[in-house]
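Structure record follows, encoded as structure tokens.
Just so you know, these numbers come straight off a predicted model, no measurement behind them. Protein chains get the first letters and strands the later ones, always in sequence-line order, with residue 1 at the start of each.
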There are 2 protein chains.
Amino acid sequence: MKPTIKDVAKHAGVSVATVSRIVNGLSGYSNETRDHVLKIIKELGYKPNEVARNLVNRKTNTIGVLVPKLSSSFSARLLQGIERVSHQNQYTVFVCNTDSSGTRTLEYLKLLSEKQVEGIVFASKYLTNEYYEAISSLQIPTVIVSSFSKRKELPFLKVNDEEAAYAATEYLIKKGHQRVAMISGPKKDLIAGLPRIIGYHRALSDHHFDLDENLMAYGDFTYTSGYRAIEQLLKKDPNVTAVFAASDEMALGVISYCYEKGIRIPDQLSVIGYDDTELAQMSTPPLTTVHQPIQKMGEKAVETLIKMGKGEKVESRFLPFSIIERLSTRTIR
Amino acid sequence: MKPTIKDVAKHAGVSVATVSRIVNGLSGYSNETRDHVLKIIKELGYKPNEVARNLVNRKTNTIGVLVPKLSSSFSARLLQGIERVSHQNQYTVFVCNTDSSGTRTLEYLKLLSEKQVEGIVFASKYLTNEYYEAISSLQIPTVIVSSFSKRKELPFLKVNDEEAAYAATEYLIKKGHQRVAMISGPKKDLIAGLPRIIGYHRALSDHHFDLDENLMAYGDFTYTSGYRAIEQLLKKDPNVTAVFAASDEMALGVISYCYEKGIRIPDQLSVIGYDDTELAQMSTPPLTTVHQPIQKMGEKAVETLIKMGKGEKVESRFLPFSIIERLSTRTIR
DNA sequence: CTGAAAGCGCTTACAG
DNA sequence: CTGAAAGCGCTTACAG
């Protein structure tokens with residue numbers, strides 16, 4: 001059996017109260033008894049039981065993170081940020097993979113609540129009303145990352161997708177491109193789909209280009225779908241000179257297709273991606289893309305949680321994106 | 001305040017013992033009282049406090065995972081596997097980023113022990129004696145993933161790096177290559193460095209090739225280091241026709257360098273990587289590489305932990321690797 | 001079928 | 001400076 005505080009007290013010939021005070025660095029004991037108790041603690045290899053502490057303190061120093069897929073680069077970078085600030089503030093983090101499944105999400109929400117976590121980072125897909133209700137009923141500080149809901153009561157942290165897509169499109173236009181295509185995610189994706197399409201459209205009209213369905217292709221953010229999309233696109237309009245892909249993976253699909261077909265990038269076709277995953281800097285040619293500060297989002301999320309725990313007011317925030325210029329785009333004239 | 005079991009008992013007019021039995025699905029109550037209590041539970045929104053349960057049951061259903069860097073693709077895939085099997089078995093997982101720092105590792109080990117985790121997955125670099133001592137003193141089931149220590153007492157789960165490197169090299173030799181170079185990680189890396197070099201050497205001598213320092217270059221597993229290494233290598237020996245890179249990232253550095261210099265892959269140079277990260281399938285050309293079943297390792301790790309918790313004997317295991325043939329290598333004659 | 005009571009391993013007024 | 005005691009929110013023999 002592991003030694004408990006009682007064992008220490010008995011061996012040291014003092015009360016558990018005294019041991020507790022010493023362990024927690026409170027006042028109320030002489031240097032002698034402290035040294036003696038510390039010695040016993042060492043001898044016995046005593047370590048306080050956090051579970052018992054958590055129960056009496058009504059505090060677990062634990063937060064939970066819900067992501068749709070742990071193995072994604074997005075989750076990995078987010079977790080890195082979350083863990084950093086959590087550890088800095090003495091919090092430990094539970095990871096939960098929801099698999100984008102509604103039941104798993106609800107299940108985990110319940111579990112986290114029972115485990116008495118003090119905060120939740122929700123980075124799992126669009127926040128439906130169902131999720132929203134479940135979260136509010138928990139009464140646990142929660143922040144939404146890279147997503148949002150129509151209900152404004154929960155703070156979110158994300159990049160403004162529409163603005164970012166606008167910027168990416170405008171970047172291409174300013175490079176002199178006249179036929180700028182877009183490879184989008186699904187229209188019904190209210191986070192990374194529709195808003196980026198709207199941004200693209202708005203940039204085109206602001207620069208007096210007509211909207212043209214021949215310039216649009218749809219994928220599902222994956223490499224393969226990007227490959228197929230560019231094939232279609234070039235069939236519909238061989239004069240496209242630039243394409244904005246709504247994910248780096250799809251952009252890599254484009255690069256790969258072009259490589260196979262002997263279409264030189266950026267000489268014959270410029271491509272800009274979205275996300276700035278590690279892939280982007282290692283592709284050939286290195287990919288120009290929209291950078292999202294994902295790790296930073298994780299850090300901010302935990303900071304927000306901690307503020308909420310203290311009862312401070314917090315607000316939803318758009319985090320700044322930026323365009324990382326690499327070698328997959330060029331100026332045309 | 002959140003309702004406790006006492007509140008439920010009071011409102012329902014029964015004892016806490018009865019409520020407890022009902023909540024836990026034990027026997028010992030009539031259908032009537034059950035229905036009544038369940039109704040009260042719903043009305044009050046009662047959820048059992050896991051912390052209190054954990055204390056009396058001396059069981060937390062929690063495991064901890066130590067990784068050197070959360071944002072890596074390796075950690076992401078490992079976590080995916082770990083979470084899957086954990087959740088399947090009603091375990092929740094704490095993630096700990098050690099930053100490859102000794103003090104952080106030791107700190108987290110202590111913390112996990114205080115939090116009463118029931119198992120630890122240690123995926124953090126080479127297991128020094130110091131770590132080994134710390135872990136054994138914890139008396140908590142622990143499995144080492146993708147690493148090992150000289151001390152045999154702790155079960156490990158990894159790919160046999162030497163064999164995998166041997167296979168990669170031999171693959172190239174059997175394709176007819178006569179000048180097969182290697183871009184290795186640091187020699188002093190006892191996990192991913194030296195063993196792979198040894199495998200490479202062994203494959204060469206088994207096929208009657210001389211060892212030649214001109215055929216070796218060293219990097220640190222990163223993209224940039226791969227780029228620099230191939231530059232050096234080609235300077236030392238322009239007749240190299242194939243290279244085995246000890247990581248996919250370094251292999252991508254090679255591809256990138258060759259693209260810039262107009263060296264065609266695989267026509268002029270074959271390259272094989274190691275890891276089979278997502279990068280590999282999305283590169284141009286897609287990268288032939290050594291696949292490690294990382295997610296599977298995570299799954300097996302948790303299964304092993306659970307067995308250990310039950311007092312069953314477990315053993316260290318090498319997991320099978322495989323060579324994923326894509327388009328960056330070709331047969332020469 | 002049901003409840004009173006002890007106990008899990010701690011912390012914290014309170015009293016001295 | 002120190003200890004006895006109550007209590008955190010549960011579970012589980014034990015007795016009826």
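- Both B:Gly13 and B:Ala52 lie near DNA chain C, and the one whose nearest nucleotide falls closer to the 5' end is B:Gly13.
- Counting any heavy atom pair closer than 4.0 Å across all strands shown, A:Asn24 reaches sugar-phosphate atoms only and no base atom.
- With sequence neighbours excluded, no residue satisfies side-chain hydrogen bond (donor to acceptor under 3.5 Å, both in side chains) with A:Ser316.
- Looking at heavy-atom distances under 4.0 Å, B:Ser27 makes no contact with the nucleic acid at all.
- Between B:Ser75 and the choices B:Ile82, B:Val95, B:Ile294, B:Val67, the side-chain contact (heavy atoms from CB on, under 4.5 Å) rule is met once, by B:Val67.
- Within the structure, ring pair (Phe, Tyr, Trp, His ring centres under 6.0 Å) pairs that include any residue of residues 45-87 of chain B comprise A:Tyr108-B:His87 (at least two apart or interchain).
- With sequence neighbours excluded, the residues forming a side-chain hydrogen bond (donor to acceptor under 3.5 Å, both in side chains) with B:Ser30 are B:Thr33, listed by chain and number.
- By the ring-ring contact (aromatic ring centres under 6.0 Å, His included) test, B:Phe148 pairs with B:Tyr126, sequence neighbours left out.
- The side-chain hydrogen bond (donor to acceptor under 3.5 Å, both in side chains) search around B:Glu153 returns B:Tyr132, not counting sequence neighbours.
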Evaluation steps, side-chain contact (heavy atoms from CB on, under 4.5 Å), between B:Asn49 and B:Arg53: CA-CA 7 Å; B:Asn49 182 326; B:Arg53 278 183 162 173; over 6 Å; no
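- By the ring-ring contact (aromatic ring centres under 6.0 Å, His included) test, A:Phe156 pairs with A:Phe318, sequence neighbours left out.
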side-chain contact (heavy atoms from CB on, under 4.5 Å) assessment of A:Arg104 paired with A:Asn97: CA-CA 8 Å; A:Arg104 269 184 79 118; A:Asn97 192 340; 4.2 Å; yes
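- The main-chain N or O of A:Gln295 is never found under 3.5 Å from a side-chain atom of A:Gln80 such that the two would form a donor-acceptor pair.
- Scored by the ring-ring contact (aromatic ring centres under 6.0 Å, His included) test, B:Phe94 finds A:Phe94 as partners (sequence neighbours excluded).
- Across residues 34-45 of chain A, not one residue has a non-hydrogen atom less than 4.0 Å from an atom of DNA chain D.
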Residue pair B:Val302, B:Tyr91: steps toward the side-chain contact (heavy atoms from CB on, under 4.5 Å) verdict: CA-CA 9 Å; B:Val302 177; B:Tyr91 279 84; 5.8 Å; no
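- Every stem involving DNA chain C, taken as at least 3 paired positions in a row under the Watson-Crick or G-U wobble test at 3.5 Å, is listed here: C:1-3 with D:14-16, C:5-12 with D:5-12, C:14-16 with D:1-3.
- Scanning DNA chain C 5' to 3' for nucleotides with an atom closer than 4.0 angstrom to a non-hydrogen atom of chain B gives a first and last hit of C:dC1 to C:dG9.
- Residues from residues 14-21 of chain A with heavy atoms under 4.0 angstrom of DNA chain C, sorted by number: A:Ala17, A:Ser20, A:Arg21.
- Within the structure, no pair that satisfies the salt bridge (charged side-chain N to carboxylate O under 4.0 Å, His left out) test touches residues 4-21 of chain B, not counting sequence neighbours.
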